[in-house]
Structure formats: C-alpha cells, structure tokens
> 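A single structure is presented below for examination.
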Number of protein chains: 2
Amino acid sequence: MPKTKQFDETEVLLKAKELFCEKGYNGTSMDDLVQATGLSRSSIYDTFGDKHGLFMKSLNYYRCSQQGDLEKQCTRSDSPKKNIRAIFDYYIKDILADRGRKGCLLINVSLELSAVDKDVTAIFQSNMEDIEQVLSALIKEGQSKGEISKKFSPKALSRHLFNSLAGLRVTGMNRPDADALREIARIALSILDE
Amino acid sequence: MPKTKQFDETEVLLKAKELFCEKGYNGTSMDDLVQATGLSRSSIYDTFGDKHGLFMKSLNYYRCSQQGDLEKQCTRSDSPKKNIRAIFDYYIKDILADRGRKGCLLINVSLELSAVDKDVTAIFQSNMEDIEQVLSALIKEGQSKGEISKKFSPKALSRHLFNSLAGLRVTGMNRPDADALREIARIALSILDE
DNA sequence: TTTTATTTGGAACATTCGTTCCAATATGTA
DNA sequence: TACATATTGGAACGAATGTTCCAAATAAAA
C-alpha cells in the first residue's frame, strides 16, 4: 500500500559524508545537504531524524566501508608483512587521490568535535582499536613466521603503525607529495625489519 | 590625547585560541568570543577586523609560541638525539595535560578548513616545514656526531618524525594514555638508533 | 577643568541556521 | 480505476549567526 522510498539511502549517506568531510560538521548546513543530495528537507528529517542523526549515520557508514577496505588488503598475500605494506600503499593512494583535500571524515570530525561530542570520540576510538587489532594480528603472524622483528610487541608495533597512518592523513592533506609520503611509510615500516 | 586600549591583545588572542581549539572555527560564535574575552563586539571588530581576522591572528600567535617552545627544547643538552627526545617528551606532556581534549589548534583547523581556507593551509605548511627544519638540523648534527644512524637522510627522518608527532596529536586526543603514547614515541625514535 | 580622540556597550541589522508543518503528490493494492 | 498510505516539496518558524552603527563613557593632553 505505501509509497516506497524514492532514493537510495546509501547514496545519500555517501553524499553527506563527502560534504561533512569537505566542510566539517559545523561548516555543513542543512541547505548544503538538501542541495547535494537532491532530496527535500522532509525526506531527510523523516529518514534520519535530524542533522546529527544523518551525520552519525554517514560517519558509521564511512567507518564500516573503511574497515572493509582495510581488511581487503589483508588477504592480498600470504606474507603478513607484505599485507601491512599493502595497507600503507592503499592509504597513501587514497590520500593522493583526494585532490579536494577533504581528508578522512573520521579524523577530521574527531578533531573538530572531540571536545564537545562524545559519540564521535567513541566511534573514533573503536575504529582505532579495530585497525590496531588487524595490524596486531598481522604482526603476530609475521613474527611467528620470522619475517617481522620481535624487538617490540605486536600491540606496541600496531599502535606505532596506526599512529603513522594517522600522521600520514594529516601530513598528506597539507603536503600531498607522493615521494614524501612513501618515504615516511618506508621508514615507519622499517621498524618491522631486522 | 586618545584613550588607550583597556585590554591586553595577547590575552585576548590566547582566549580566542582556546575557544577555536575547543569548538573549531565554525563552532565558535562571535558571542562565545565576546563572553570569553569579556570585551565588547565593537572592541573586537575595531581591533581585529572580523571573526576571520581574529582567528588568523590567534592562529599565528599560537604558531609562534609553539615554535618558541619547540626551539627551547633544542638547547637542553649537547646531544642532538637527547634534544629530539626532549621534543617528543614535551609534546606528549602537552597532550596529556590537555584534559579538555582541545588538541592542537594548527592541526584541528587545518583539518577542519583545509578544503576551504587556503590561508590556514599555508600557515600549517610553513609550520610543518619549520619543525622539519629544526628536526633535520638536529639529525644532521647527530649523524655527524655518530649518535644517529646514517641509514636515512636527515630530510627523510625529519619528515618521519614530524609525521609521528602529528599522529601523536590525533592518537593522544582520542586515547590520552601516557604509556601508549610514550611507547609509540619510543618506537618512532628507535629509527634513529643504529 | 576643559577639550579631544578613541574606546566601549548595547541596540539593531539582514542572513542563515536547524527544524517543523501541511497540503500536494505519488505509489502499491484491491 | 479508486482507495489508502507514505513520501515529497516548499512555505514558515524562532533562534542564532556575523556584522554594523551610534551614543555614551573614558582617559590623555591642553
């Protein structure tokens, strides 16, 4: 009996994510969102509740797709170390492809809002832990295979690698220089050798 | 003849910096600034032009004081390597002292505005270059003294270290765990050892 | 004390903000 | 085709935004 939704919710979340990424949460107006998504205020409010609801949903969507992309890099090779390198390559590729300098939504809004929005902080933290977990598993495997140095614990190394990835976002957004980013990654990863 | 200014411009810039840091550029209203600084709209507009003018001035002020703090750490010891460690210790202390999770104004607003405000990007870039320069000089000196490995160039190492510092801000704001941050620093700095 | 230049407080401005509301529209079923 | 139901577009809301303006207050110089 009912009229069905005329739009794809996922597409809307993607558009919203791009806007929030480019202009920040407070810099993005409901009018921007209406224009970019092409649908009306009513539809947005009816579907997502309010601006913050739409924001959180697009943030969660982004987080999941990022996590998916990450895990895809873990199966590229039998070598854990090569897979870690693949993760770094993927991130750098992503940063360099971002010509509009929009950056990573998770990092952007975590810095914009961490003092005032605990929901955002919580999502960032769990995302950070997930990534560190993935890295830690790869490191543990690499250490037992003997291709990664046992000088530091998997946990410590995974934290260092996540830290480097986060740094690359910040650095890369402000200086999108392929050679510089690759060299930073090479040095950060050289810890795994020996 | 004229009535003299009734307030200290530096104090106002400091207050403004704290607000912009906590709530971001777009999240900070002129009303917030009026309340926090205690002076009137007229005085602010007369002294700084407009919101963006006040913002840029407080950003520049912050950048200079940060640069000063950094250089102070470079003279603590005769050992370049120890001075680099001092820089990292200083940064981590700063991050842990930041209970309100306000973060670093330069990083925060560079991520919030880099897609829309080229002035901010320019300041961040020159700040990044300055810091890398300081680090590079210390590394070069350390290498010639034989206390820092020559495996990587000073430029590459300085970029890696800056990248780690930037990462620490992001990581530390979301997980202000002293042990975790210190261990990340220890690993990032272990590159300098043979 | 008087003069003079400047700052100051607060009212007022037009815009934009997020949100609400309702009539009109459009769809799947009977 | 006609009914029932959910979506849709757009007007409208009050509150908050950045900014302007001017009269009143103030401090240094005469």
Side-chain angles (χ1 to χ4, degrees), chain A residues 1-59 105 108-109 112-113 115-120, chain B residues 1-59 105 108-109 112-113 115-120:
Chain A
M1 309 181 191
K3 180 177 172 185
T4 55
K5 277 238 159 68
Q6 298 294 296
F7 59 89
D8 181 9
E9 198 174 307
T10 299
E11 271 182 41
V12 172
L13 291 180
L14 221 106
K15 282 270 182 201
K17 173 238 137 191
E18 248 158 82
L19 272 186
F20 284 127
C21 211
E22 179 181 345
K23 313 171 119 198
Y25 177 73
N26 285 313
T28 303
S29 72
M30 222 51 189
D31 221 60
D32 293 334
L33 292 161
V34 166
Q35 270 197 281
T37 60
L39 43 91
S40 72
R41 287 176 152 65
S42 329
S43 305
I44 294 181
Y45 277 90
D46 190 72
T47 312
F48 303 102
D50 57 7
K51 183 187 175 185
H52 194 259
L54 169 57
F55 168 66
M56 290 305 288
K57 209 148 190 177
S58 75
L59 183 61
L105 183 62
N108 288 7
V109 300
E112 182 189 354
L113 302 173
V116 289
D117 192 329
K118 293 306 161 200
D119 295 342
V120 172
Chain B
M1 309 181 194
K3 179 178 172 184
T4 57
K5 276 239 161 63
Q6 298 294 294
F7 58 89
D8 181 9
E9 199 174 308
T10 299
E11 271 184 40
V12 172
L13 291 180
L14 221 107
K15 283 270 181 199
K17 173 240 138 190
E18 248 159 80
L19 273 186
F20 284 128
C21 212
E22 180 181 345
K23 312 171 121 199
Y25 177 73
N26 284 314
T28 303
S29 72
M30 222 49 189
D31 221 60
D32 293 334
L33 292 161
V34 166
Q35 269 197 282
T37 60
L39 41 90
S40 71
R41 288 177 150 67
S42 328
S43 305
I44 295 182
Y45 277 91
D46 189 72
T47 312
F48 303 103
D50 57 6
K51 184 186 174 185
H52 194 259
L54 169 57
F55 169 66
M56 290 305 288
K57 210 149 191 179
S58 74
L59 184 62
L105 183 63
N108 289 7
V109 300
E112 182 189 353
L113 303 172
V116 289
D117 191 330
K118 294 306 160 202
D119 295 342
V120 172

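Residue numbers start from 1 in every chain, and the chains themselves are labelled A, B, ... in the order their sequence lines are given, proteins ahead of strands.
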> Rounding to a whole Å, what distance do you find between B/Leu19:CG and D/dG18:P?
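Whole-Å distance recorded here is 12 Å.
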> May I ask you to check whether A/Asp119 and A/His52 show a side-chain donor-acceptor distance below 3.5 Å?
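Per modelled atom types, A/Asp119 and A/His52 side chains form no pair under 3.5 Å.
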> Check for a donor-acceptor pair, side chain of B/Asp32 on one end and backbone N or O of B/Ser29 on the other, with a separation under 3.5 Å.
yes
> Is it the case that the base of C/dT19 and the side chain of A/Arg41 share a donor-acceptor contact (distance under 3.5 Å, atom types as modelled)?
yes
> Decide yes or no, distance alone: a donor-acceptor N/O pair under 3.5 angstrom between the base of D/dG10 and the side-chain of A/Ser40.
no
> Starting at OH of A/Tyr45 and ending at C1' of D/dG9, how long is that distance when rounded to a whole Å?
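It is 15 Å, rounded to the nearest whole Å.
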> Starting at atom CD1 of B/Ile44, determine the distance to atom P of D/dT20, rounded to an integer number of angstrom.
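My rounded result for the distance is 13 Å.
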> Measure from the side-chain N and O atoms of A/Asn26 to the backbone N and O of B/Asn26, and report whether any donor-acceptor pair falls under 3.5 Å.
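Absent.
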> To the nearest angstrom, how far is B/Asn26 atom CG from D/dA16 atom P?
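My rounded result for the distance is 18 Å.
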> How many whole angstroms separate atom NE2 of A/His52 from atom C1' of C/dC17?
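So the NE2-C1' distance, A/His52 to C/dC17, works out to 16 Å.
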> Of the listed nucleotides (C/dG18, C/dT7, D/dT17), which one gets closest to any side-chain atom of B/Ser29?
D/dT17
> Okay, side chain of A/Ser43, backbone of A/Leu39: is any donor-acceptor separation there less than 3.5 Å?
no
> If the cut-off is 4.0 Å, is B/Ser43 near the phosphate of C/dT7, judged by side-chain N/O to OP1 or OP2?
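False: B/Ser43 side-chain N/O out of range (4.0 Å or more) of C/dT7 OP1/OP2.
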> From the list C/dC17, D/dT17, D/dT8, which nucleotide is the closest neighbour of the side chain of A/Phe7?
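Nearest nucleotide to the side chain: D/dT8.
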> Whole-Å distance between D/dT19 C1' and B/Phe48 CZ?
16 Å
> Please determine whether any donor N or O and acceptor N or O are separated by less than 3.5 Å between the side chain of B/Ser42 and the base of C/dG10.
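Check passes, donor-acceptor contact within cut-off.
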> Tell me what B/Thr47 touches on the nucleic acid: a base, only sugar-phosphate, or nothing, going by heavy atoms under 4.0 Å.
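Here B/Thr47 touches no strand at all.
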> Return the orientation label for the A/Phe20 and A/Tyr25 ring planes: parallel under 30°, perpendicular over 60°, tilted otherwise.
parallel
> Just compare C/dC17, C/dT19, D/dT19 and give me whichever is closest to any side-chain atom of A/Met30.
C/dT19
> Just the rounded figure in Å: distance from P of D/dC22 to CG of B/Asp46.
15 Å
> Using whole Å, what does the distance between atom P of nucleotide C/dT6 and atom CG of B/Leu39 come to?
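Value for this atom pair: 19 Å.
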